[in-house]
Each structure stands twice: as C-alpha cells, then as structure tokens.
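Numbers here simply count residues along the sequence, with the first being 1.
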Amino acid sequence: MKLDILVFAVHPDDAELGCSGTILKHIALGKKVGIVDFTRGELGTRGTAETRDEEAANSAKILGLHARENLKFRDGFFKNDEEHQLEIIKMVRKYQPEIILTNALHDRHPDHGRAGDLTNDAIFLSGLIKIETTLDGVVQEAWRPRLILQYIQDRYIKPDIIVDITEFMEQKEKAIRAFKTQFDSSDKHAPQTYISSPEFLEAVFGRAMEFGKNIGAKYGEGFTCRKLLGVDNLFDLK
C-alpha cells in the first residue's frame with residue numbers, strides 16, 4: 001500500500017501527542033496515513049508492552065489509520081546504526097510516502113532525538129539504488145520522500161511551520177487518552193509519573209493553543225524542517 005504520509009514514532013503515543021491532529025486532518029482530506037512505531041514502550045514505568053500494543057491499536061481506530069506497524073526495537077537501547085537503518089529503509093520503500101513526520105531532533109527523552117536522527121539518516125539512504133533491501137522475498141525499489149518534518153514534543157522548539165488542527169482537537173485528545181496506562185491519573189494504584197499527571201496533558205493542549213494563536217487559529221501543531229520550505233502561492237500562507 002502506498003501512503004501519502006508516513007509517521008515514524010519511537011514510542012507508541014509519540015505520534016498521538018505530537019502530530020495526531022495533522023494526521024486526522026489529512027485523512028479527512030482523503031490522504032492515506034500510517035504510523036510505524038519503533039519500540040513497544042516496554043521501559044515505561046506504567047503499563048506493559050502488551051498493554052501498549054492494545055492501546056496503539058485502539059488509537060489507530062480512532063485516528064482512522066490505513067496502517068500501523070511496530071519494528072520492536074529495544075526501548076532505550078536501539079542505535080543509529082546499519083541494522084536499524086535498514087529496517088526503516090524497508091518501511092520507507094514499502095509505503096513510498098510523499099511526506100514523512102518523525103520525532104523531534106532533541107528533547108527531554110534521549111530516545112526522541114536519537115530516533116529523529118536515525119529516521120533522517122535512513123530516509124537519505126533509502127533513496128540510494130545501490131543499497132538493496134528485500135521485503136517478503138521481493139527486492140524493493142529505492143525511494144525518498146519529498147519532505148521530512150519533525151513534530152515538536154516535550155521541549156519547546158520554535159516551529160518552522162504550524163498546521164491548523166482546530167477541527168480535530170477533540171479527536172486528538174481521544175487518541176491520546178486511548179493510552180490509558182500512560183495518561184489516566186485516576187488510577188491511584190499505579191505509580192505517578194511525569195506524563196501521568198493532569199498537568200502534562202494540560203501543557204500539551206496549552207501548547208496547541210499557543211501554536212494556534214500564532215496563525216490565527218484556536219489549535220495548531222508545530223513542525224521543524226532541516227531544509228528551507230518553499231511555497232508556490234503566497235496566498236496559501238496564513
């Protein structure tokens with residue numbers, strides 16, 4: 001299946017927190033969107049790999065994704081090396097997306113920045129015809145998307161572009177809250193963590209309001225890009 005947008009996320013729930021409004025918006029526009037999670041989030045204080053799998057599947061239904069896969073890299077210990085790059089190259093070539101969204105290049109969690117660099121490096125290599133990969137016994141064609149954007153996560157980063165997600169904020173919240181083990185603060189028997197407090201999600205929604213305000217919208221999601229972005233028509237800009 002060819003996708004229009006492929007989202008890479010090192011942990012299940014990263015995409016929901018960082019760019020699910022943008023995902024929802026483009027699916028509503030008729031685009032095909034999928035997520036590839038790198039790990040099962042097995043090192044998370046709350047929940048298990050199995051519960052994260054179930055929550056990711058529930059969120060996928062809320063988002064209306066056309067595909068969701070998990071590469072089962074080691075949470076916390078994956079590397080930006082040939083072995084991991086080749087697995088990502090296979091996904092890029094499998095889905096042949098026009099646009100890729102991936103983790104922030106630096107953030108509070110060290111996995112985020114490492115995943116952002118890993119994705120960017122693998123995407124470049126995916127376009128080289130002399131790197132051969134196979135999937136299900138079939139040799140894959142080289143593929144490189146036309147645009148790579150990094151969504152903004154815990155730490156504030158000045159965005160290069162902001163997407164208006166006002167119409168999809170309610171669904172975004174539902175997709176995030178599908179990860180009950182991570183964000184349900186009412187479970188007093190589970191250990192309380194940085195992300196399980198109500199204040200964490202309040203900050204997520206507050207940032208969406210801040211980004212939205214900057215483009216004259218109620219809610220927005222910000223992205224960075226390693227290259228300069230061009231536009232054909234100035235009137236398409238807000």
Side-chain angles (χ1 to χ4, degrees), residues 3-9 11-37 56 59-68 95 97-107 112 116 119-120 123 145-179 183 195 198-238:
L3 297 176
D4 298 296
I5 300 176
L6 180 59
V7 182
F8 285 115
H11 306 116
D13 74 25
D14 281 354
E16 281 77 3
L17 288 165
C19 64
S20 57
T22 301
I23 291 172
L24 287 158
K25 182 167 193 170
H26 285 83
I27 289 175
L29 290 170
K31 302 299 184 182
K32 292 183 177 180
V33 184
I35 295 176
V36 173
D37 297 306
S59 176
K61 292 177 183 177
I62 293 169
L63 294 173
L65 295 178
H66 296 85
R68 187 165 202 163
Y95 290 113
E98 299 300 319
I99 297 173
I100 287 181
L101 310 179
T102 191
N103 289 92
L105 297 177
H106 58 86
D107 203 42
H112 295 172
T119 304
N120 274 269
I123 290 169
R146 64 182 182 87
L147 180 64
I148 309 167
L149 297 174
Q150 288 81 220
Y151 44 88
I152 295 169
Q153 300 187 258
D154 187 71
R155 295 283 164 83
Y156 176 82
I157 301 173
K158 183 179 179 180
D160 296 312
I161 188 171
I162 295 173
V163 177
D164 181 352
I165 63 162
T166 303
E167 293 182 37
F168 304 95
M169 193 63 199
E170 185 177 338
Q171 283 296 98
K172 174 185 173 84
E173 181 173 354
K174 289 180 180 178
I176 292 171
R177 292 190 185 278
F179 292 87
F183 304 114
I195 67 172
E199 291 76 18
F200 176 80
L201 287 185
E202 287 174 9
V204 171
F205 305 143
R207 178 171 292 164
M209 292 184 69
E210 177 187 8
F211 283 158
K213 178 175 69 69
N214 280 279
I215 60 169
K218 187 171 182 180
Y219 296 106
E221 286 176 342
F223 298 86
T224 63
C225 188
R226 279 180 161 175
K227 71 173 186 177
L228 292 175
L229 297 168
V231 64
D232 290 328
N233 187 333
L234 290 178
F235 289 91
D236 290 336
L237 296 171
K238 288 192 175 184

Checklist entry - Would Phe205 and Ile176 count as a side chain to side chain contact (heavy atoms under 4.5 Å, CB included) if you check the C-alpha gap in whole Å, the side-chain angles of each, and the deciding distance to 0.1 Å? => result CA-CA 11 Å; Phe205 305 143; Ile176 292 171; 4.2 Å; yes
Checklist entry - Which is it for Ile162 and Lys238 under the side chain to side chain contact (heavy atoms under 4.5 Å, CB included) test, yes or no, and what are the steps along the way? => result CA-CA 10 Å; Ile162 295 173; Lys238 288 192 175 184; over 6 Å; no
Checklist entry - Would Lys172 and Glu221 count as a side chain to side chain contact (heavy atoms under 4.5 Å, CB included) if you check the C-alpha gap in whole Å, the side-chain angles of each, and the deciding distance to 0.1 Å? => result CA-CA 11 Å; Lys172 174 185 173 84; Glu221 286 176 342; 2.6 Å; yes
Checklist entry - Passes side chain to side chain contact (heavy atoms under 4.5 Å, CB included), Thr102 versus Ile123? Steps please. => result CA-CA 11 Å; Thr102 191; Ile123 290 169; 5.8 Å; no
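A donor-acceptor pair under 3.5 Å is formed between the side chain of His66 and the backbone N or O of Val33. For Asp160 (side chain) and Cys225 (main-chain N/O), a donor-acceptor pair under 3.5 Å exists by modelled atom type. The backbone N or O of Asp164 lies less than 3.5 Å from a partner atom in the side chain of Lys25, making a donor-acceptor pair. Of the possible polar contacts, none joining the Asp154 side chain to the Asp107 backbone as a donor-acceptor pair under 3.5 Å is found. Remark: side-chain polar atoms of Thr166 are paired, donor with acceptor, to backbone N or O of Tyr219 under 3.5 angstrom.
Between Gly21 and Ile165, the shortest heavy-atom contact is C-CG2, 3.5 Å. Residues Ala175 and Ile62 share a closest heavy-atom pair of N-CG2, 4.0 Å. Closest heavy-atom contact between Gly116 and Leu105: C-CD2, 3.7 Å. Shortest non-hydrogen contact noted between Gly222 and Phe211 is N-CD1, 3.5 Å. Scanning all heavy atoms of the two residues, the minimum distance from Ala9 to Asp14 falls at CB-CB, 3.8 Å. What you find for Val7 and Cys19 is that their closest heavy atoms are CG1-SG, 3.8 Å.
Salt-bridge formation is not detected for the pair Glu98/Lys31: no Lys NZ or Arg NE/NH1/NH2 atom is positioned less than 4.0 Å from an Asp or Glu carboxylate oxygen. Contact check on Arg68 versus Glu16 returns a salt bridge, with a Lys/Arg side-chain nitrogen under 4.0 Å from an Asp/Glu carboxylate oxygen.
Each of Ile5, Asp4, Leu6, Leu147 was scored for a side chain to side chain contact (heavy atoms under 4.5 Å, CB included) with Pro97, with one residue passing: Leu6.
Crowding of Asp232 atom CG: a count of heavy atoms from other residues, nucleotides or ligands under 6.0 Å not exceeding 12. With a 6.0 Å radius and a threshold of 12 heavy atoms from other residues, nucleotides or ligands, Glu210 has its CD atom above the threshold. Within 6.0 Å of OH in Tyr156 there are more than 12 heavy atoms belonging to other residues, nucleotides or ligands. In this structure, Glu167 places its CD atom where only 12 or fewer heavy-atom neighbours from other residues, nucleotides or ligands lie under 6.0 Å away.
With contacts defined as side-chain heavy-atom distances shorter than 4.5 Å, the pair Thr22/Tyr151 does not qualify. Inter-residue side-chain proximity for Gln153 and Leu17 is flagged as unmet; no heavy-atom pair is nearer than 4.5 Å. Annotation: side chain of Asn120 is in contact with side chain of Gln150 (closest heavy-atom distance under 4.5 Å). For the pair Ile195/Phe183, a side-chain contact is recorded, criterion being any heavy-atom separation below 4.5 Å from C-beta on.
Interatomic distance, OG1 of Thr224 versus CD1 of Ile161, reported as 11.0 Å (0.5 Å rounding). Residue Asp37 holds its CG atom at 8.5 Å from CG of Asp13, rounded to the nearest 0.5 Å. Once rounded to the nearest 0.5 Å, the distance linking CD1 of Ile157 with NE2 of His106 reads 4.0 Å. From Tyr95, atom OH reaches atom CD1 of Ile100 across 12.5 Å, with rounding to the nearest 0.5 Å. Atoms NZ and CG, from Lys227 and Leu149 in turn, are 9.0 Å apart once rounded to the nearest 0.5 Å. With rounding to the nearest 0.5 angstrom, the CG atom of Asn103 is 12.5 Å from the CD1 atom of Ile152.
Qualifying salt bridge (charged side-chain N to carboxylate O under 4.0 Å, His left out) partners for Arg207, counting only residues two or more places apart in sequence or in other chains: none.
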